[in-house]
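Structure, as structure tokens:
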Amino acid sequence: MRVKLTIVMLMIASFCAYAQKFDKLAQTPPMGWNSWNKFACDVSEDLIMGMADAMVSSGMKDAGYEYVVIDDCWQVGRDENGEIIVDKERFPHGIKYLADYIHSKGLKFGIYSCAGSETCAGRPGGLGHEYQDARSYASWGVDYLKYDWCNTTTQDSRSSYTNMRDALYTAGRPIVFSICEWGGSKPWEWAKDVGHLWRTTGDILDRWDAMIGIVDKQRDLAKYAGPGHWNDPDMLEVGNGGMTNEEYKTHFSMWCMMAAPLMAGNDLANMSEETKEILTNNELIAIDQDPIGQQASCYRDNGDYEIWGRALENDEKAVCLLNRSDEEKEVQVNFTSLLKTSDNYWYTYPYNLEDYNVRDVWEQKEVKTDKSIIMVKMPPHSVKVYRFLKKK
Ligand code: GLA
């Protein structure tokens, strides 16, 4: 009996020693919806089910959005065995019921917890309960876990997140692991084998200056992103009312250029046509989801005017002109040099403009490139996104 027990324990120990992150997940940046930006703690079963319905009926699902994620405030305590207790008033049928509903819509289900003793909203955190919670998530059918960093006092971020990664792996259900440590310990340097995405900054706010400030902090991070491991500049604010539509177009464009996870953060059941058009722009989403996963870099910085670019599969390319200023700008666009530019070096790609069609991604039409330089008027806080498409 004792020998058998020892063998079983050794098997468990060796399995744990080989714990890793689930590979093959998040090969392109995850897309979905998260409750926090719009609803904060005001979450409930009805709300989340309504968002899953709206994700389908609005065309968001067809555009590629997949994960429906409940953020903080679904949890209220722990029972005498340490099991997490769900808020029964707000989630009367429990979390598995919700997960099953979301799965029945052909979508995936995500949840939130925190590496510390309490979440950022003061709900019970995961500290000391990692394996137990991971088993609960697996049994409920969770597909995505966002794991926050509040109330962690002296904890080491790398070992805390690695511990939760191992717990998820041991529980056995493939779960995308979203590290929400806000960039303090530079997770891009250590998290490639721990999570599938990691927040690079503090929380986004629904304001131009906050959003563009986050863009600035992504500048040197392009080399850390790729299939299965993404920089996460936080969830989208598109449609939440604090920016103009022009600014939301810029926000969405920059996230797509940066191969960012696209987690809508608005009320999907009540969105304007403009909001829907931004969030479901298929040509921008195709740039975000390009299989080579190359995050854009800033090719040129003229203060309030920048040019960002990224390589796409099949020697194609996306370029984004960004007018950050409060004034309209008229800018010169030279497609030959845009095509030939790579990260901060002009004329390094050996490509010829004749081999490409150039699409204006927001206008959804082809641009004539017979003149070598064109002048383009750009409203304040706006972008122009061009895709160089290989001629067939
Ligand atoms: C932190 C995270 C947010 C959100 C809240 C929830 O601030 O960064 O994205 O999850 O906690 O309390």
Side-chain angles (χ1 to χ4, degrees), residues 26 29-44 47-48 51 65 67-78 84-87 90-91 95 109-127 129 133 137 142-153 155 157 160-161 164 175-188 191 194-207 210-211 213-215 217-218 221 230-240 242 251 255 258 260-268:
M31 293 175 66
W33 174 87
N34 174 299
S35 53
W36 185 256
N37 282 356
K38 173 74 185 173
F39 298 101
C41 270
D42 199 9
V43 285
S44 66
L47 175 90
I48 304 295
M51 288 303 129
Y65 294 85
Y67 293 95
V68 176
V69 184
I70 322 179
D71 207 280
D72 210 344
C73 302
W74 57 271
Q75 64 293 64
V76 284
R78 291 200 181 269
I84 193 91
I85 302 173
V86 177
D87 183 338
R90 287 174 172 265
F91 296 91
I95 301 294
F109 174 62
I111 207 163
Y112 161 100
S113 188
C114 180
S117 54
E118 287 185 357
T119 70
C120 298
R123 305 302 176 94
L127 185 61
H129 296 275
D133 286 350
Y137 303 151
V142 168
D143 305 298
Y144 182 107
L145 173 67
K146 171 176 167 184
Y147 213 50
D148 215 335
W149 190 240
C150 277
N151 303 301
T152 46
T153 60
Q155 282 171 247
S157 49
S160 298
Y161 282 101
M164 193 62 201
I175 290 180
V176 171
F177 190 30
S178 159
I179 294 174
C180 180
E181 175 273 2
W182 319 311
S185 70
K186 301 189 176 167
W188 46 90
V194 181
H196 302 93
L197 58 157
W198 48 81
R199 280 273 297 277
T200 54
T201 67
D203 290 5
I204 192 169
L205 298 172
D206 188 15
R207 287 199 324 244
M211 184 278 291
I214 287 188
V215 171
K217 291 189 178 144
Q218 314 308 309
L221 303 183
W230 306 101
N231 292 309
D232 175 8
D234 207 358
M235 303 165 301
L236 298 164
E237 291 284 10
V238 177
N240 280 338
H251 173 19
W255 262 236
M258 296 188 301
L262 298 178
M263 288 289 171
N266 60 315
D267 181 354
L268 300 183

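Nothing fancy with the numbering, it's 1 onward along the sequence. Computed from heavy atoms alone, side chains included, the values below leave out hydrogens, waters and symmetry copies. Order of listing sets the numbers, starting from 1, for every ligand and every atom in it. Because the structure is predicted, anything quoted here is derived from the model rather than measured.
- Under the 2.5 Å cut-off for SG-SG separation, C120 and C114 do not qualify: their sulfur atoms lie farther apart than that.
- Protein heavy atom at the shortest distance from atom 9 (O) of ligand 1 is K146 NZ, 2.8 Å.
- Ranking protein heavy atoms by distance to atom 12 (O) of ligand 1, first place goes to D72 OD2, 2.8 Å.
- Between Y161 and Y147, the two ring planes are perpendicular [angle over 60°; tilted spans 30° to 60°].
- Ligand 1 does not have W149 within reach: every non-hydrogen atom of the residue lies 4.0 Å or more from it.
- Which parts of ligand 1 touch A121 is read off a 4.0 Å heavy-atom cut-off, strictly below it: atoms 12 (O).
- Remark: side-chain polar atoms of W36 are not paired, donor with acceptor, to backbone N or O of G265 under 3.5 angstrom.
- Listed by number with element, the atoms of ligand 1 under 4.0 Å from a non-hydrogen atom of Y112 are 6 (C), 10 (O), 11 (O), 12 (O).
- The protein non-hydrogen atom at the shortest distance from atom 2 (C) of ligand 1 is D148 OD2, 3.2 Å.
- Using a 3.5 Å distance cut-off with no hydrogens or angles, the side chains of N34 and D71 do pair a donor with an acceptor.
- Atoms of ligand 1 found under 4.0 Å from any heavy atom of R199, numbered from 1 in the order shown, are 8 (O), 9 (O).
- Listed here is the closest heavy atom pair of Y65 and L262: CE2-O, 3.6 Å.
- Using a distance-only test at 3.5 Å, with no hydrogens or angles considered, no donor-acceptor pair links the side chain of D148 to the main chain of T119.
- Closest approach of I175 to L145, counting heavy atoms only: CG2-N, 3.6 Å.
- Of the protein's non-hydrogen atoms, the one nearest atom 5 (C) of ligand 1 is W36 CE2, 3.6 Å.
- I204 and E237 make their closest contact through CG2-OE2, 3.7 Å (heavy atoms, listed as atom of the first residue, atom of the second, distance).
- At least one heavy atom of D71 lies less than 4.0 angstrom from ligand 1.
- Ranking the protein heavy atoms by distance from atom 3 (C) of ligand 1 puts D203 OD2, 3.5 Å first.
- Within the 4.0 Å heavy-atom criterion, the part of C180 lying near ligand 1 is the side chain and not the backbone.
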